[in-house]
J.: 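Below you will find the structure I want to go over with you.
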Amino acid sequence: MENKSRLSSVYLLFVFLVLYAPILYLMYYSFNSGGTMHGFEGFTLEWYMEVFQDTRLIIIVINTLVIALLSAAIATIIGIMGALAIERMQRRRVKNALLSLNNVLIVNPDVIIGASFLILFTIAGIKLGFVSVLLSHIAFSIPITVLMILPRLQEMSPTLVDAALDLGASRRDVLTKVILPFIKPGIFSGFFMALTYSLDDFAVTFFVTGSGYSTLSVEIYSRARQGVALSINALSTLIFLFTVLLVIGYYFINRRYNQTSMQKVARVKESAAEAGVSQ
């Protein structure tokens, strides 16, 4: 058992090394005053200052954040409705068919999805730009939110809904005061997953961006094709740190929610115990 544990630890360490070594290498040379990624000559913040002084790049960052937040929020709302609809399906075949259609959009290559959206927007006469990027990001984020929310719905006991209805709650009260609070962790998970997918997406966005509109992934790709510039390293470092902050924020939100839920359960148990003693 000890040997297996050591092998598992070594393997896990190797995996993390392979994943994070290129990122750390990129971050390290973002502080290089030499201007190249061949030999570290000295520490400088010049490339970070260049990023913040680039007005066009700042506009692109704002565009990316607006697209990510809007698409994640809208996709989460639609994902909640989709997960509720799938969970309430009585026929197993129809339910499995809907789940399969939902999963196909996730495993389907991004190039095919991007090309399909390009053809669709061209036929529909939708100008490529903010609207086309937003619609495409919402579309590929919805299956992700459904997969995050659906397991939480399946964990919920049907007796909770029945008890609320028996106590006189309306359908709206059941949704807002019973179902949504119970699946809140799944909602947060779906939102943050959709947000990160939108921030990281390149293939789909590359097809549906117009000439006067761009996102960070497309901008970094176009700049990298022109040659290695350490401003790209600095920009990539900032994006990586922002993603890490998102993950840490989600962790603390989820942890706080779990602690609050445990405290509520403890209070209910104490109230029930006191009621039993008083009787």
Side-chain angles (χ1 to χ4, degrees), residues 8 12 15-16 19 68-110 113 136-166 169-201 204 243-266 268-269:
S8 300
L12 186 62
V15 170
F16 277 108
L19 290 174
L69 291 171
L70 278 178
S71 63
I74 297 172
T76 303
I77 294 172
I78 299 175
I80 293 171
M81 295 186 289
L84 288 170
I86 293 174
E87 179 61 22
R88 292 182 179 180
M89 283 290 173
Q90 299 296 328
R91 296 182 180 181
R92 184 173 293 274
R93 290 184 178 180
V94 177
K95 189 174 184 178
N96 291 335
L98 290 174
L99 283 173
S100 299
L101 289 174
N102 183 78
N103 296 337
V104 164
L105 292 175
I106 296 178
V107 300
N108 206 30
D110 290 342
I113 296 176
S136 60
H137 280 225
I138 292 172
F140 69 67
S141 297
I142 290 174
I144 300 168
T145 59
V146 170
L147 284 184
M148 293 291 104
I149 296 170
L150 193 58
R152 189 66 181 175
L153 270 175
Q154 293 171 344
E155 293 176 2
M156 187 176 67
S157 174
T159 56
L160 292 175
V161 177
D162 295 336
L165 292 174
D166 291 340
S170 63
R171 292 287 180 181
R172 182 178 180 181
D173 291 334
V174 170
L175 177 63
T176 58
K177 297 180 181 180
V178 178
I179 297 177
L180 291 182
F182 188 87
I183 65 173
K184 190 180 291 184
I187 294 174
F188 278 114
S189 299
F191 176 81
F192 279 105
M193 285 293 292
L195 184 67
T196 53
Y197 266 76
S198 178
L199 289 173
D200 296 338
D201 180 74
V204 177
T243 306
V244 171
L245 288 177
L246 282 179
V247 173
I248 294 174
Y250 168 72
Y251 169 77
F252 281 108
I253 291 173
N254 195 28
R255 182 181 177 182
R256 184 178 180 181
Y257 175 79
N258 291 333
Q259 290 177 350
T260 305
S261 300
M262 292 177 64
Q263 290 174 359
K264 289 181 179 179
V265 171
V268 170
K269 289 181 178 180

J.: Under the side-chain contact (heavy atoms from CB on, under 4.5 Å) criterion, do K95 and I86 qualify, and how do the steps go?
T.: CA-CA 6 Å; K95 189 174 184 178; I86 293 174; 4.0 Å; yes
J.: Please say whether more than 12 non-hydrogen atoms of neighbouring residues, nucleotides or ligands are located less than 6.0 Å from OH in Y197.
T.: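 Counting other residues, nucleotides and ligands, OH of Y197 stays at 12 neighbours or fewer.
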J.: Output the distance between atom CG (L98) and atom CE (M89), rounded to the nearest 0.5 Å.
T.: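 L98 atom CG to M89 atom CE measures 5.0 Å (nearest 0.5 Å).
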J.: Test R172 against K177 for side-chain contact (heavy atoms from CB on, under 4.5 Å), laying out the working first.
T.: CA-CA 8 Å; R172 182 178 180 181; K177 297 180 181 180; over 6 Å; no
J.: Under the 3.5 angstrom rule, does the side chain of S189 hit a backbone N or O of M148 as a donor-acceptor pair?
T.: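 Judged by distance alone, no pair lies under 3.5 Å.
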J.: Hey, is the main chain of V104 close enough, under 3.5 Å, to the side chain of N108 for a donor-acceptor pair?
T.: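 No, because the side chain of N108 does not come within donor-acceptor range (under 3.5 Å) of the backbone of V104.
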J.: So which atom in S71 and which in A68 form the shortest heavy-atom distance, rounded to 0.1 Å?
T.: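 Result for this residue pair: OG-O, 3.2 Å.
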J.: Start with the C-alpha gap between S100 and N103, add the side-chain angles, then the distance that decides, and say whether side chain to side chain donor-acceptor pair (under 3.5 Å) holds.
T.: CA-CA 5 Å; S100 299; N103 296 337; 5.7 Å; no
J.: Look only at the side chain of R152 and the backbone of K184, and say whether a donor-acceptor pair between them is shorter than 3.5 Å.
T.: no
J.: Measure the CG-CG distance between L70 and L195 for me, rounded to the nearest 0.5 Å.
T.: 11.0 Å
J.: Let me see the working for N102 and L150 under side-chain contact (heavy atoms from CB on, under 4.5 Å), right down to the final yes or no.
T.: CA-CA 12 Å; N102 183 78; L150 193 58; over 6 Å; no
J.: Just how far is it from atom CZ of F188 to atom CD1 of I149, taken to the nearest 0.5 Å?
T.: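 So the gap between those two atoms works out to 11.5 Å.
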J.: Under the criterion side chain to side chain contact (heavy atoms under 4.5 Å, CB included), which of I80, V146, I183 is the partner of L153?
T.: I183
J.: Taking the side chain as C-beta and beyond, is there a heavy-atom pair between L12 and F16 under 4.5 Å?
T.: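 SC-SC contact between L12 and F16 confirmed.
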J.: Tell me whether S198 contacts the main-chain N or O of A194 through its side chain, where contact means a donor paired with an acceptor under 3.5 Å.
T.: no
J.: Against T76, only a single residue in I144, I138, I187 fulfils side chain to side chain contact (heavy atoms under 4.5 Å, CB included); can you say which?
T.: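 Between T76 and the candidates, side chain to side chain contact (heavy atoms under 4.5 Å, CB included) is satisfied uniquely by I187.
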J.: Which atom names give the shortest non-hydrogen contact between A73 and F191, and what distance separates them?
T.: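 Nearest pair, atom of A73 first, then F191: N-CE1, 3.7 Å.
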J.: Measure the CG-CG distance between L147 and L99 for me, rounded to the nearest 0.5 Å.
T.: 8.0 Å
